[in-house]
Amino acid sequence: MPRGITPRQPAKTGRHEGTRKAAGKKPGALQRLRTGERAHMVRGAAPAKARGKPYNPTAPNRLQDILQRLDTLYPEATCALHHKSAWELVVATILSAQSTDVGVNLVTPVIFKKYPTVQDFAALEPEQLQPDIRSTGFFRNKSKSVVGAAKKVVSDFGGQVPDQMDQLLTLPGVARKTANVVLGTWFKKNEGVVVDTHVHRISRRLELTRNADPKKIEQDLMEILPQDKWTLFSHQIIWHGRKLCIARRPKCAECPLENICHAADKTWSTVEIHKNAK
Ligand code: SF4
């Protein structure tokens, strides 16, 4: 050893370089982390990067796993809005914006009894519909949309709701979300993924997208999911959002997706938390 160089000695306190780090990252150790004000029990598996394999939340085997678990959880998932025709589904979906399906299902039997056909709706002034749909909120705009859509269906499509995306998008009050619901649920066409508030929240929690704009989220989901699953996936995630993965305090301890979910706002976790997964 060259003269004048003294090797570093471990500190007497035992807190020498590396000691803390190694203890904190010990694979398999059960750790208590703090996120916001809540503490979660976390099985501290070493991060994927540390094992030399970058974590890919949209890897095909992870997606397959998510889809299989959703199939087991919600095999019969479908649209919760009551309807007996494509037109009734258009109306119910327009009314469901910023409202609950339960609330819409209370209103629609009344209006469909009063106005049984699309022609009956087309003959209305929006103001006439307002009192009947008031409880769904935003009733002035929704009345305009429903009556406007009815007039368009009658004048341009012979009274039949079109089954093409570009044609559906010409109806007042119908954007991609409503068009996807109608195409997927009534016409059984997988033209897109319905991105409502649940799909928006849960696809971010599951790290299937990092986007916040519904159009971009839909594009991301369409790129990674098999097309024949688009409609079913939407319904399953919507059901999951109602039953377990609720916006505030999701029921992670009861969730069958728990050990493959790294969401930042989990209420319970056995895997590491990813702070960007939200
Ligand atoms: S573990 Fe929690 S946050 Fe993740 S999907 Fe399940 S309920 Fe949602």
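All residue numbers in this chain count up from 1 along the given sequence. First listed ligand is number 1; within each ligand, the first listed atom is number 1.
- By the 6.0 Å contact criterion, CD on Q160 is open, its count of non-hydrogen atoms from other residues, nucleotides or ligands being 12 or less.
- Side-chain contact, E272 with H262: no donor N or O sits under 3.5 Å from an acceptor N or O.
- For K144, the NZ atom counts as loosely surrounded, since its 6.0 Å shell holds 12 or fewer non-hydrogen atoms of other residues, nucleotides or ligands.
- Excluding waters, the set of protein N, O or S atoms lying under 2.8 Å from atom 4 (Fe) of ligand 1 comprises C261 SG.
- Using a 4.0 Å cut-off between charged side-chain N and carboxylate O, K216 and D220 make no salt bridge.
- Within ligand 1, the atoms closer than 4.0 Å to a non-hydrogen atom of H240 are 5 (S), 6 (Fe), numbered from 1 in the order shown.
- In this view, F121 and W87, Y115 satisfy the ring pair (Phe, Tyr, Trp, His ring centres under 6.0 Å) rule, not counting sequence neighbours.
- Criterion: ILVMFWY side-chain heavy atoms under 4.5 Å apart, direct or through other members. Under it, I202 and W268 are not part of a common hydrophobic cluster.
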